[in-house]
Trainee: 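Here it is, the structure, as structure tokens.
Just so we're clear, the structure is a prediction, and the values are computed from it rather than from any experiment.
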Amino acid sequence: MLIDSMYPKSFASDNHAGVHPAILEAMAAANHGDSPAYGGDTWTSAFEEKTKETFGPDANGFPVLNGAGANMVGLALMLGRYSAVICADSAHIATHEAGAAERLLGVKLMTVPTEDGKLRPADIKARLGGLGNPHESQPTVVSISQTSELGTTYSPAEIAALADAAHESGLRLHVDGARIANAAAFLECDLKAVTTDAGVDVFSFGGTKNGALAAEAVVVLDPSLAHAVPFLRRQSLQLASKMRFISAQLSALLTDDLWHRNAAHANQMAARLADGLADVPGVSLAYPVQSNAVFATLPHALAEALQQRYLFHFWDESAGTVRWMTAFDTTPEHVDDFLDDLHKAAGA
């Protein structure tokens with residue numbers, strides 16, 4: 001299915017967007033002459049410095065190829081052979097990575113049902129009853145998604161409370177940061193506030209959903225863990241030979257707050273879309289809009305009529321809930337055209 005020939009704009013995923021011009025320029029600038037492979041290049045060194053400038057002097061950034069790989073490498077740093085990971089039942093590692101954590105890392109996922117995709121300290125404590133019991137997997141890591149898979153956002157205080165709860169019991173805190181830029185933009189804070197300052201141990205820094213091309217990073221904030229990343233990254237097939245092209249993109253995102261501009265714009269377009277739903281009969285928001293995701297519940301017939309013109313998917317088909325995503329290149333005109341077609345289809 002060729003999206004560009006059939007649909008005016010995809011609202012299915014921010015992965016459907018192209019690459020930001022500034023990031024393409026950064027890649028083109030890296031495309032001159034030869035350079036050492038596997039990260040021994042000046043662009044990767046520059047990204048490593050950018051990581052420390054952004055997240056603090058103890059932060060270590062390691063470029064990888066994709067978000068699922070970033071999660072596997074980051075989690076592997078903190079897990080043993082009998083470990084378990086506490087996460088929301090909607091977490092990406094539990095629902096959309098084809099069992100990679102169980103298959104590749106050999107760990108148990110202790111999922112927690114949530115109404116908004118977010119864990120609370122009490123959820124951690126409720127899963128610690130088997131600590132020290134050799135008959136049970138041992139909780140070792142708490143993993144959260146920022147933003148959550150339902151588009152909701154953890155505040156710095158909420159993350160800090162989870163970090164405290166985890167650390168008090170000898171666990172570490174991992175953050176799947178595929179859309180961490182959208183979270184920080186919504187919260188009007190810097191990236192350090194929702195990571196280093198909040199007590200996170202390891203997180204993934206998502207670039208692909210924010211205007212990059214196959215560019216993610218594992219960021220390690222606990223220096224005692226960083227030495228193992230090069231080996232685990234190689235074992236996990238996440239070591240890029242021409243790493244300069246990934247590092248150049250990540251550095252571009254961290255330069256002059258490009259990450260923030262892209263994410264804030266995507267968030268604004270989602271808010272514009274959500275605001276335009278208020279007077280559409282039969283349509284309601286399923287979750288608060290706190291990022292670039294809009295979850296709406298509407299009649300199946302209405303959703304299916306819209307799908308003739310726009311690409312998006314049902315999130316919960318039985319409930320009639322769909323997910324509409326905006327991106328750095330979504331325009332007000334894209335949103336307004338979508339809303340106009342929605343009103344027409346609804347007879348509003």
Trainee: Using only atom types and a distance under 3.5 Å, with no angle test, would you say the side chain of Q307 pairs donor to acceptor with the backbone of F312?
Mentor: yes
Trainee: Mind listing the closest non-hydrogen atom pair of V73 and V229 along with its distance?
Mentor: CG1-CG1, 4.2 Å
Trainee: Taking the side chain as every heavy atom from C-beta outward, state whether T140 and Y82 have any pair of such atoms under 4.5 Å apart.
Mentor: no
Trainee: Between M110 and S137, what is the shortest heavy-atom contact and its length?
Mentor: CE-O, 3.7 Å
Trainee: Is there a donor-acceptor contact under 3.5 Å from the side chain of R172 to the main chain of L79?
Mentor: no
Trainee: Hey, could you give me the CG/CG distance between L277 and L298, rounded to the nearest 0.5 Å?
Mentor: 9.0 Å
Trainee: In the structure I gave you, are the side-chain heavy atoms of T153 and Q146 within less than 4.5 Å of one another anywhere?
Mentor: yes
Trainee: Cluster question for you: counting only ILVMFWY and a side-chain heavy-atom cut-off of under 4.5 Å, with indirect links fine, are I144 and L191 together?
Mentor: yes
Trainee: If you measure from the Lys or Arg side-chain nitrogens to the Asp or Glu carboxylate oxygens, is any gap between K242 and D41 under 4.0 Å?
Mentor: no
Trainee: To check you understand the geometry: which heavy-atom pair defines the closest contact between G132 and P134, and what is its length?
Mentor: O-CD, 3.4 Å
Trainee: How many angstroms lie between CG in L104 and CD in Q235, if you round to the nearest 0.5 Å?
Mentor: 11.0 Å
Trainee: Apply side-chain contact (heavy atoms from CB on, under 4.5 Å) to residues V194 and Y154 and explain how you reach the verdict.
Mentor: CA-CA 8 Å; V194 289; Y154 290 91; over 6 Å; no
Trainee: Could you please spell out the steps behind the side-chain contact (heavy atoms from CB on, under 4.5 Å) verdict for S169 and I124?
Mentor: CA-CA 9 Å; S169 298; I124 298 174; 5.8 Å; no
Trainee: Is there side-chain contact between T195 and V219, with at least one heavy-atom pair below 4.5 Å?
Mentor: no
Trainee: Find out whether I86 and L171 are in side-chain contact, i.e. whether some heavy atom of one side chain is under 4.5 Å from a heavy atom of the other.
Mentor: yes
Trainee: Return each pair, listed once, that meets ring-ring contact (aromatic ring centres under 6.0 Å, His included) where at least one residue sits in residues 106-138; pairs must be two or more places apart or across chains.
Mentor: none
Trainee: Is there a donor-acceptor pair under 3.5 Å between the side chain of D201 and the backbone N or O of L173?
Mentor: yes
Trainee: Output yes when a side-chain donor or acceptor of T44 lies under 3.5 Å from a complementary backbone atom of G40, and no otherwise.
Mentor: no
Trainee: Go through the steps to decide whether Q249 and L253 satisfy the test side-chain contact (heavy atoms from CB on, under 4.5 Å), and finish with yes or no.
Mentor: CA-CA 6 Å; Q249 296 179 68; L253 280 171; 5.9 Å; no
Trainee: Quick check against the 3.5 Å criterion: does H343 have a side-chain atom that pairs as donor or acceptor with the backbone of L339?
Mentor: yes
Trainee: Atom CG in N182, atom CG in D14: separation rounded to 0.5 Å?
Mentor: 7.0 Å
Trainee: Does K52 reach the side chain of N60, with side-chain heavy atoms less than 4.5 Å apart?
Mentor: yes
Trainee: Will you find, in the side chains of T321 and T297, an N or O donor that is under 3.5 Å from an N or O acceptor?
Mentor: yes
Trainee: Following the transitive rule for hydrophobic clusters with a side-chain heavy-atom cut-off under 4.5 Å over Ile, Leu, Val, Met, Phe, Trp and Tyr, establish whether V218 and W43 coincide in one cluster.
Mentor: no
Trainee: Say you draw a straight line from CG of L77 to CZ of R233; how long is it, rounded to the nearest 0.5 Å?
Mentor: 11.0 Å
Trainee: Other residues, nucleotides and ligands only: do more than 12 of their heavy atoms fall within 6.0 Å of CG on N133?
Mentor: yes
Trainee: Quick one: does D123's side chain have a donor or acceptor within less than 3.5 Å of a partner on R120's backbone?
Mentor: yes
Trainee: Check whether any side-chain N or O of T330 sits under 3.5 Å from a backbone N or O of A327 as a donor-acceptor pair, and report yes or no.
Mentor: yes
Trainee: Is the centre of the H300 ring less than 6.0 Å from the centre of the F314 ring?
Mentor: yes
Trainee: Would a hydrophobic clustering, with Ile, Leu, Val, Met, Phe, Trp and Tyr connected at side-chain separations under 4.5 Å, put F55 with L250?
Mentor: yes
Trainee: So which pairs with a foot in residues 189-200 pass salt bridge (Lys or Arg N to Asp or Glu O under 4.0 Å), sequence neighbours left out?
Mentor: K192-D197
Trainee: So which of V112, T114, T95 actually passes side chain to side chain contact (heavy atoms under 4.5 Å, CB included) with D89?
Mentor: T114
Trainee: So, does H227 use its side chain to make a donor-acceptor pair with the main chain of S224 at under 3.5 Å?
Mentor: yes
Trainee: Can you list everything that forms a side chain to side chain contact (heavy atoms under 4.5 Å, CB included) with L131? Sequence neighbours excluded, please.
Mentor: L128, Q138, P139
Trainee: Just how far is it from atom CD of E49 to atom OG1 of T42, taken to the nearest 0.5 Å?
Mentor: 12.5 Å
Trainee: Please check: side-chain N/O of R244 versus main-chain N/O of P36, any donor-acceptor pairing under 3.5 Å?
Mentor: no
Trainee: Taking the side chain from S83 and the backbone from G80, do they hold a donor-acceptor pair closer than 3.5 Å?
Mentor: yes
Trainee: Tell me the closest heavy-atom pair linking S251 and A46, and the distance in Å.
Mentor: OG-C, 3.9 Å
Trainee: Among N292, V289, L306, find the residue that satisfies the side chain to side chain contact (heavy atoms under 4.5 Å, CB included) test when tested with W324.
Mentor: L306
Trainee: Which donor-acceptor pairs under 3.5 Å do side chains of residues 204-213 form with protein atoms, sequence neighbours excluded?
Mentor:
{"unit_1": "S204", "atom_1": "OG", "unit_2": "G177", "atom_2": "N", "d": "2.8"}
{"unit_1": "T208", "atom_1": "OG1", "unit_2": "A215", "atom_2": "N", "d": "3.2"}
{"unit_1": "T208", "atom_1": "OG1", "unit_2": "E216", "atom_2": "OE2", "d": "2.5"}
{"unit_1": "N210", "atom_1": "OD1", "unit_2": "A263", "atom_2": "N", "d": "3.3"}
{"unit_1": "N210", "atom_1": "ND2", "unit_2": "W259", "atom_2": "O", "d": "3.0"}

Trainee: Does any non-hydrogen side-chain atom of L311 lie less than 4.5 Å from one of F11?
Mentor: no
Trainee: Any chance you could lay out the side-chain contact (heavy atoms from CB on, under 4.5 Å) test for D336 and R272, step after step, and finish with the verdict?
Mentor: CA-CA 8 Å; D336 293 346; R272 186 185 188 98; 2.9 Å; yes
Trainee: With rounding to the nearest 0.5 Å, note down the distance linking CG in D176 to CD in E149.
Mentor: 6.5 Å
Trainee: For residues 310-335, pull every pair meeting salt bridge (Lys or Arg N to Asp or Glu O under 4.0 Å), keeping only residues two or more places apart or in separate chains.
Mentor: K9-D329
Trainee: Please determine whether a side-chain nitrogen of the Lys or Arg among D340 and K344 lies less than 4.0 Å from a carboxylate oxygen of the Asp or Glu.
Mentor: yes
Trainee: Parallel, tilted or perpendicular: which one describes the rings of H20 and F328, with boundaries at 30° and 60°?
Mentor: tilted
Trainee: Are the side chains of Q238 and M72 in touch, meaning some heavy atoms are under 4.5 Å apart?
Mentor: no
Trainee: Does NZ in K125 sit with more than 12 non-hydrogen atoms of other residues, nucleotides or ligands closer than 6.0 Å?
Mentor: no
Trainee: Please report the closest heavy-atom contact between A226 and F62, naming both atoms and the distance.
Mentor: O-CZ, 3.8 Å
Trainee: Any chain of hydrophobic side-chain contacts (each under 4.5 Å) joining V64 to F245?
Mentor: no
Trainee: Under the 4.5 Å side-chain heavy-atom rule for ILVMFWY, direct or indirect, which residues accompany F295?
Mentor: L150, Y287, W315
Trainee: In the single-linkage hydrophobic clustering (I, L, V, M, F, W, Y; side-chain heavy atoms under 4.5 Å), do V294 and L302 co-cluster?
Mentor: yes
Trainee: To check you understand the geometry: which heavy-atom pair defines the closest contact between L109 and A94, and what is its length?
Mentor: CD1-CA, 3.8 Å
